Number of protein chains: 2
Amino acid sequence: MNKYTNMTRASRLILIEKMVSEKNITSQEELLRLMEGTGMKCTQATLSRDLRQLGVSRGFDSKGGYRYMLPGKTAKTADTLPGHESEAVTGITWARDMMLIYTYPGFASAVALKIDRAGRYEIAGTVAGDDTILVIPRDNISNEAVEECISLIFKNNSQEKQ
Amino acid sequence: MNKYTNMTRASRLILIEKMVSEKNITSQEELLRLMEGTGMKCTQATLSRDLRQLGVSRGFDSKGGYRYMLPGKTAKTADTLPGHESEAVTGITWARDMMLIYTYPGFASAVALKIDRAGRYEIAGTVAGDDTILVIPRDNISNEAVEECISLIFKNNSQEKQ
DNA sequence: GTCATATTTGTATATTTATTCATTTATAAT
DNA sequence: ATTATAAATGAATAAATATACAAATATGAC
């Protein structure tokens, strides 16, 4: 049953979602002013509660600026129906402070893509052949840190369902 | 060029990501205390800056509680080397005394071919994946020399197109 | 309508997070 | 090494956001 029969509140929540999805909102004060412009007014306190209710949170845009965003937009998982890249891995070893990942033939680039997309700064880059990936850590990053990192990427991968 | 050469900072960033991914962090103060527990200490101000750098933001978990979380699959801005941009090249960095060149998907081998054909002594060889090129300098060749070299190749490249 | 109860809201304030500025530390050039 | 330049940091503080509590408003039963 719908708990939100209060019209004022209901339409305010709708307006907030609309504003957040369309505009680049950087603070609650800013959103407040935008909403006032449309005749819908409330206080920052109410906005704070509404945003929590909606799951709208302040994150960062691509340039590192603040931006309020809808819950779906935060964890953008555009890629991946497959999501079982880690199963293609047959072995891992270290040589010259670089990690070598072995996969079933043809799977290297798919696994490497997964690693690249994780955007981990510990990893300067990967180069994938057909069944082997060369993972190049940044300077001063320990092998353990990279292993941690790779482990995490594969873990996240298997958890990724939404 | 690699921006993360500071050991203390680099490992702190790693720890932060680890903490955020493993624990349910609800505030910076909380994270601060957790980190202190491992011997890594800094102030809330530094943490605030680090979190922005990492794109880690405070959102809501399924129950509406606060929780710091890693960024979605937002593209990280590659550290670019000014003046070396050729159309397909999206970024350049150094790791383990090797140059890594990032390109748009599918362009790596084309760019690598260009480099190979220049026949520069400084460059022992290249290995290209789909969107990443590993440039291996000869022994005793400085990074600067290789950059000079690559810059020259790209300059020639862009002149060809005009 | 009245009454009882639950929800919503604003004010004031507490808490949390971001930023300024001075200092220190690292990196680069000579 | 020495000096210059840039990056990182902490302390203090500003700015932004959350919450306690009282008042107002809505909802449901009669």
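Because only heavy atoms are used, hydrogens play no part in the values below, and waters and symmetry mates are left out as well, while side chains stay in. Since the model is a prediction, treat every value here as computed from it, not as a measurement. So that the names make sense, note that chain A is the first sequence line, chain B the second, and so on, each numbered from 1.
A donor-acceptor contact closer than 3.5 angstrom is absent between the side chains of B:Arg33 and B:Gln28. For the residue pair B:Arg49 and B:Gln44, no side-chain donor N or O sits within less than 3.5 Å of a side-chain acceptor on the partner.
In this structure, the CG atom of B:Leu51 is 16 Å from the P atom of D:dT17, given to the nearest Å. Between the CG atom of A:Asp50 and the C1' atom of D:dT17 there is a distance of 14 Å, rounded to whole Å. A straight line from CZ of B:Arg67 to C1' of D:dT17 spans 21 Å, rounded to a whole angstrom. To the nearest angstrom, C1' of D:dA8 lies 14 Å from CE of B:Met40.
At D:dA8, none of the side-chain N or O atoms of B:Arg12 fall inside 4.0 Å of OP1 or OP2 (strictly under the cut-off). Side-chain N/O atoms of A:Arg52 include one lying less than 4.0 angstrom from OP1 or OP2 on D:dT19. Residue A:Ser48 places at least one side-chain N or O closer than 4.0 Å to OP1 or OP2 of D:dA18. Note on B:Tyr68: every side-chain N or O is 4.0 Å or more away from OP1 and OP2 of C:dT16. Remark: A:Thr46 is not in phosphate contact with C:dT9, judged by side-chain N or O atoms under 4.0 Å from OP1 or OP2. Put simply, B:Tyr66 has no side-chain N or O that comes within less than 4.0 Å of OP1 or OP2 on C:dT17.
The CG atom of B:Leu47 lies 5.0 Å from the CD1 atom of B:Ile16; values are rounded to the nearest 0.5 Å. Between the OH atom of B:Tyr68 and the CD atom of B:Glu30 there is a distance of 10.0 Å, given to the nearest 0.5 Å.
Among the nucleotides C:dG10, D:dA8, D:dG10, the one closest to the side chain of B:Arg9 is D:dA8. The listed nucleotides are D:dT19, D:dT17, D:dT9; the one nearest the side chain of A:Arg58 is D:dT17.
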Q: Take A:Met99 and A:Leu134, measure what side chain to side chain contact (heavy atoms under 4.5 Å, CB included) needs, and give me the verdict at the end.
A: CA-CA 6 Å; A:Met99 181 186 255; A:Leu134 183 61; over 6 Å; no
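A:Cys149 approaches A:Ile123 most closely through the heavy-atom pair SG-CD1, 4.1 Å.
Side-chain atoms of B:Gln44 and base atoms of C:dA18 include a donor and an acceptor less than 3.5 Å apart.
Scanning residues 27-37 of chain A for heavy-atom distances under 4.0 Å to DNA chain C yields an empty list.
Counting heavy atoms from C-beta on, the side chains of A:Arg12 and A:Asp50 come closer than 4.5 Å.
Of the two residues near DNA chain D, A:Arg49 and B:Cys42, the one whose nearest nucleotide lies more 5' is B:Cys42.
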